[in-house]
Asker: 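Structure provided below as structure tokens; questions to follow.
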Number of protein chains: 2
Amino acid sequence: MRDTLAPRMQNFRDRCVELGMPLTHQRLVIYEALASTDEHPTPEAVFERVRKKIPSISLATVYKNIRSFADAGLLREVSLLHESLRLDANLADHHHLVCERCKSVTDLPHDALAPVRMKINPPDRFQVHRFNVEVLGLCARCAATDS
Amino acid sequence: MRDTLAPRMQNFRDRCVELGMPLTHQRLVIYEALASTDEHPTPEAVFERVRKKIPSISLATVYKNIRSFADAGLLREVSLLHESLRLDANLADHHHLVCERCKSVTDLPHDALAPVRMKINPPDRFQVHRFNVEVLGLCARCAATDS
DNA sequence: ATAAATGCAAATCTTTTGCCATCTC
DNA sequence: GAGATGGCAAAAGATTTGCATTTAT
């Protein structure tokens, strides 16, 4: 992680200039908090980290910038489905097609994909129970109105 | 879907008896709303469906029962990470280990898994962009305190 | 100087909780 | 009849928005 921070920060600066996004102190510190961890933090956790360097920062600023960074492709959401709980009464083994735009979820039979399996032992003695595969893309409806 | 509803309802009744969960009218209607769709509804959407049959139902009841059903293994959450946004500044191709108990997320190099790929064309002209794989299970810390 | 970002507070949305009346077994 | 559930309202948690002030370019 450490060795990838510097190039990430440079890429971040470049991208901000490219997009005409003012390079504020807050932005730099927020992005650094994100780029220097592999803990997949929540916005709240980022806020707590940033607070140590900028005690006056507001949680709203953290949220606004996370949004901008995601839009700019500088970071990703671990799951696109965090906005609300999505339920599935189908207990058979299957995968999901998830539309990146409208967040619709469609079933995909498990044999539509090449078998998902570990090639190595999982790190940190993680006990594997099952695989959850989201196939991300655009549903036909959203593809038709893509801008 | 239609042809699987009856057995699902029977399984539901059996499981409720097994667990000593009273079979209330509300429960039956809520579960039926879930078992008769493949739209992966939100709790709010389930509430709207159930409301048509039981106008007096409360959203809190829908939430409470969804929780019970999930605990009983009668349904699943499409993603375990819906409680809060989780961020990832690592744009390299990789997968995630997600702990079902504490929701911690750990990186897994992309070559730790057999290549993920479609064996058939996606249904409904869905445009595939990428795959998001969550390896679900228990992290070492949670496995140690498993009850 | 201009346009955009920050900070704060209030608003909104999602989910949970407490409590009493009601229902299942 | 005992114990769990349903409904309602309030609370808690997560995220967004409006607006006046400050900042980057």
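Residue numbers start from 1 in every chain, and the chains themselves are labelled A, B, ... in the order their sequence lines are given, proteins ahead of strands. A quick note: this is a predicted structure, and the numbers were derived from the prediction, not measured.
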Asker: If each of B:Ile30 and B:Leu85 is mapped to the nucleotide of DNA chain D with the nearest heavy atom, which maps nearer the 5' terminus, i.e. the 5' end?
Answerer: B:Ile30
Asker: For A:Asp14, I'd like to know if atom CG has over 12 heavy atoms of other residues, nucleotides or ligands within 6.0 Å.
Answerer: yes
Asker: Is the shortest side-chain N/O distance from B:Gln26 to OP1 or OP2 of D:dG7 below 4.0 Å?
Answerer: yes
Asker: Just wondering, more than 12 heavy atoms not from B:Glu39 lying within 6.0 Å of its CD?
Answerer: no
Asker: May I ask you to check whether B:Asp107 and A:His40 show a side-chain donor-acceptor distance below 3.5 Å?
Answerer: yes
Asker: Between C1' on D:dA14 and CD1 on A:Ile66, what's the gap in Å once rounded to a whole number?
Answerer: 12 Å
Asker: Give A:Thr61 one of three labels, base, sugar-phosphate or nothing, depending on what nucleic acid heavy atoms sit under 4.0 Å from its own.
Answerer: base
Asker: If you measure only the distance, is there a donor-acceptor pair under 3.5 Å linking the side chains of A:His129 and B:Glu100?
Answerer: yes
Asker: Quick one: B:Arg67 CZ to D:dG6 P, roughly how many Å, whole number?
Answerer: 15 Å
Asker: Check the distance between C:dT15's C1' and A:Leu87's CG and give it to me in whole angstrom.
Answerer: 13 Å
Asker: Tell me whether the side-chain N/O atoms of B:Ser84 come closer than 4.0 Å to OP1 or OP2 in D:dT15.
Answerer: yes
Asker: Specify the residue among B:Pro22 and A:Ala60 whose closest nucleotide of DNA chain C lies further upstream toward the 5′ end.
Answerer: A:Ala60
Asker: More 5' along DNA chain C: A:Gly20 or B:Met21, using each one's nearest nucleotide?
Answerer: A:Gly20
Asker: Find the distance B:Ile54:CD1 to D:dC8:C1' and express it as a whole number of Å.
Answerer: 16 Å
Asker: Under 4.0 Å, heavy atoms only, any strand: does A:Leu59 hit a base, just the sugar-phosphate, or nothing?
Answerer: base
Asker: Strictly below 4.0 Å: does A:Ser56 bring a side-chain N or O up to OP1 or OP2 of C:dT6?
Answerer: no
Asker: Using the side-chain heavy atoms of B:Lys64, tell me which of these nucleotides is nearest: C:dC8, D:dT15, C:dC19.
Answerer: C:dC19
Asker: Quick check on side-chain contact (heavy atoms from CB on, under 4.5 Å): which of B:Ile54, B:Ile57, B:Asn65, B:Thr24 does B:Val29 satisfy it with?
Answerer: B:Ile54
Asker: Less than 6.0 Å separating the ring centroids of A:Tyr63 and A:Phe47?
Answerer: no
Asker: Within the 4.0 Å heavy-atom criterion, would you say B:Thr42 contacts the bases, only the backbone, or no part of the nucleic acid?
Answerer: nothing
Asker: For B:Glu83 and C:dT16, what is the distance between atoms CD and C1' respectively, to the nearest whole Å?
Answerer: 12 Å
Asker: For A:Leu81 and C:dT15, what is the distance between atoms CG and P respectively, to the nearest whole Å?
Answerer: 12 Å
Asker: Using the C1' atoms of five pairs at each end, what's the angle between the two axes of the helix from C:dA1-D:dT25 to C:dC25-D:dG1, to 10 degrees?
Answerer: 40°
Asker: Quick check for you: among D:dC8, D:dG6, C:dC25, whose closest atom lies nearest to any side-chain atom of B:Asn65?
Answerer: D:dG6
Asker: Would you kindly give the CZ-to-C1' distance between B:Arg51 and D:dC8, to the nearest whole Å?
Answerer: 13 Å
Asker: Would one find a side-chain N or O of A:Tyr63 under 4.0 angstrom from OP1 or OP2 of D:dT15?
Answerer: yes
Asker: Let me know the distance between CG of B:Asp71 and C1' of C:dT15, rounded to the nearest Å.
Answerer: 15 Å
Asker: Take atom CZ in B:Arg125; do more than 12 heavy atoms of anything else shown fall under 6.0 Å from it?
Answerer: no
Asker: Does a sphere of radius 6.0 Å around CZ in A:Arg13 hold more than 12 heavy atoms from other residues, nucleotides or ligands, not counting ones at 6.0 Å or beyond?
Answerer: no
